[in-house]
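One structure is given below, encoded as structure tokens.
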Amino acid sequence: MTTYYTYILATRSRSLDFGVTSNLQRRVGRHRAMEPNRSLGKDGAVRLVYYEQRPSVEAALERVREIQRWSYPQVEALISRSNPNWHDLSAEWFLARRA
């Protein structure tokens, strides 16, 4: 059974990008590889700040659409509840590549 993820990426200036994927690590890696990051503009220091697992692509898409309808303060609160300092939740995934 495939797991799907609803995710939120942020830049240093807290510009946000929302998405759905079945392979979170690969998707974040692709975002990081974009120079400059087309989806987040010139401040492309992409950080994974939030994600949720969903049982189906339909459920993941429904959730991302729901979050996208929220105000920015509501999305900030969602992120801050589980990641108060907006740390990059994917940082460890890419450490070996930098060495």
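Being a predicted model, the structure only gives us computed values, none of them experimental. Because only heavy atoms are used, hydrogens play no part in the values below, and waters and symmetry mates are left out as well, while side chains stay in.
- With rounding to the nearest 0.5 Å, the separation of CD in Gln25 from CZ in Arg27 is 14.0 Å.
- Listed here is the closest heavy atom pair of Ala10 and Leu16: CB-CD2, 3.8 Å.
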Criterion side-chain contact (heavy atoms from CB on, under 4.5 Å) on Tyr7 and Thr21, from CA distance to verdict
CA-CA 8 Å; Tyr7 65 87; Thr21 186; 4.0 Å; yes
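- Checked by atom type and distance alone, the side chain of Arg63 never pairs as donor or acceptor with a backbone atom of Arg54 at under 3.5 Å.
- Within the 4.5 Å cutoff, the side chain of Val20 has no heavy atoms near those of the Tyr5 side chain.
- Residues Leu48 and Leu24 are in side-chain contact: their nearest non-hydrogen atoms beyond the backbone lie under 4.5 Å apart.
- Counted within 6.0 Å of OH on Tyr51, heavy atoms from surrounding residues, nucleotides or ligands total 12 or fewer; the atom is thus considered open.
- For the residue pair Tyr50/Glu52, the side-chain donor-acceptor check at 3.5 Å is satisfied.
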Would you sort out whether Arg65 and Glu62 count as a salt bridge (charged side-chain N to carboxylate O under 4.0 Å, His left out), showing the intermediate values?
CA-CA 5 Å; Arg65 287 185 200 116; Glu62 182 178 321; over 6 Å; no
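- Considering all non-hydrogen atoms of both residues, Val28 and Ser90 come closest at CG1-OG, 3.5 Å.
- Side chain of Arg47 to backbone of Thr11: a donor-acceptor contact under 3.5 angstrom is found.
- Rounding to the nearest 0.5 Å gives a distance of 13.5 Å between NE2 of His87 and CD1 of Ile79.
- Here the side chains of Gln53 and Tyr4 are not in contact, with every heavy-atom distance at 4.5 Å or above.
- Under the side chain to side chain contact (heavy atoms under 4.5 Å, CB included) rule, Val49 has a single partner from Asp88, Leu9, Ile8, Leu78, which is Ile8.
- Partners of Glu76 according to the salt bridge (Lys or Arg N to Asp or Glu O under 4.0 Å) rule, which considers only residues two or more places apart in sequence or in another chain, are Arg14.
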